[in-house]
Amino acid sequence: MGQFSDPEPAEYKGMWFAGKRQGKGEMSWGDGSTFEGIWTADQRVFGIMKMTNGYVYVGNFKRDLMEGYCRIYMSEGEVFLGEFKEGKA
């Protein structure tokens with residue numbers, strides 16, 4: 001377990017391996033967005049991303065972009081069930 005701060009500003013709390021985020025961890029950015037989930041080689045793999053617009057993404061990531069089937073809970077109460085490819089719906 002460890003902690004990381006970045007000039008972005010961002011803060012990571014969680015597991016590390018060979019100097020990279022690996023395993024379960026939480027990241028929070030200066031804009032208020034957060035991610036809690038699984039990391040591999042410093043990239044998000046699966047988890048919950050809470051965005052500043054109130055949307056909550058639950059799903060997979062590939063190359064640190066939203067990827068595959070997911071759910072997005074929107075601030076208006078709607079739920080998007082769909083698929084992302086390279087970060088795009």
Side-chain angles (χ1 to χ4, degrees):
M1 294 292 280
Q3 188 167 339
F4 162 81
S5 291
D6 184 304
E8 203 174 299
E11 181 178 40
Y12 173 78
K13 294 179 184 176
M15 300 174 76
W16 294 85
F17 179 75
K20 295 185 178 186
R21 293 168 284 195
Q22 181 82 20
K24 188 174 181 181
E26 301 174 21
M27 186 89 172
S28 58
W29 289 268
D31 66 0
S33 58
T34 63
F35 172 79
E36 182 176 349
I38 305 299
W39 297 77
T40 297
D42 244 6
Q43 296 187 0
R44 295 169 290 180
V45 176
F46 177 83
I48 300 169
M49 180 81 188
K50 295 180 181 175
M51 297 169 252
T52 57
N53 62 3
Y55 289 13
V56 178
Y57 172 90
V58 180
N60 295 303
F61 291 79
K62 184 176 181 182
R63 291 187 301 277
D64 212 37
L65 297 172
M66 296 172 186
E67 180 77 21
Y69 293 103
C70 69
R71 290 182 183 195
I72 297 179
Y73 299 92
M74 299 178 208
S75 54
E76 303 84 17
E78 297 176 0
V79 178
F80 168 82
L81 300 174
E83 187 173 4
F84 273 74
K85 181 78 174 164
E86 296 179 356
K88 298 177 183 165

Go through it in stages, so that I can follow the logic: the residues are N60 and V45, the test is side chain to side chain contact (heavy atoms under 4.5 Å, CB included), and I'd like the CA-CA distance, side-chain angles, deciding distance and then a yes or no.
CA-CA 6 Å; N60 295 303; V45 176; 5.6 Å; no
Would you find a donor on one side and an acceptor on the other, under 3.5 Å apart, between the side chain of Q22 and the backbone of A41?
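Yes, the answer is positive, given that a donor and an acceptor are paired below the 3.5 Å cut-off.
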Candidate pair M27 and E11, rule side chain to side chain contact (heavy atoms under 4.5 Å, CB included), full reasoning:
CA-CA 6 Å; M27 186 89 172; E11 181 178 40; over 6 Å; no
Search all heavy atoms of [X] against all heavy atoms of [Y] and return the closest pair with its distance.
X: G59; Y: C70; value: CA-CB, 4.3 Å
X: E26; Y: W39; value: N-NE1, 4.4 Å
X: T52; Y: G32; value: CG2-C, 4.2 Å
X: W16; Y: R21; value: CE3-N, 3.7 Å
X: G87; Y: L65; value: N-CB, 3.8 Å
X: M66; Y: F61; value: N-CD2, 3.7 Å

To the nearest 0.5 angstrom, please state how far the CZ atom of R44 sits from the CG atom of D64.
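Reported to 0.5 Å precision, the distance equals 4.0 Å.
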Can you measure from CG (D31) to CE (M51) and round to the nearest 0.5 angstrom?
11.0 Å
Cluster overlap M74 with L81, hydrophobic side-chain contacts below 4.5 Å
no
Group every Ile, Leu, Val, Met, Phe, Trp and Tyr by side-chain heavy-atom contacts under 4.5 Å, then state whether F80 and Y73 land in the same group.
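No, separate clusters.
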Centre-to-centre under 6.0 Å for F35 and W29, is that the case here?
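No, too far apart.
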Using the benzene-type ring in the case of Trp, are the ring centres of F84 and Y57 under 6.0 Å apart?
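Yes, the ring of F84 comes within the 6.0 Å limit of the ring of Y57, centre to centre.
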K50 vs E36 side-chain heavy atoms within contact, under 4.5 Å
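Not in contact.
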May I ask you to decide whether E86 forms a salt bridge with K62, counting only side-chain N to carboxylate O separations under 4.0 Å?
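No salt bridge links E86 with K62.
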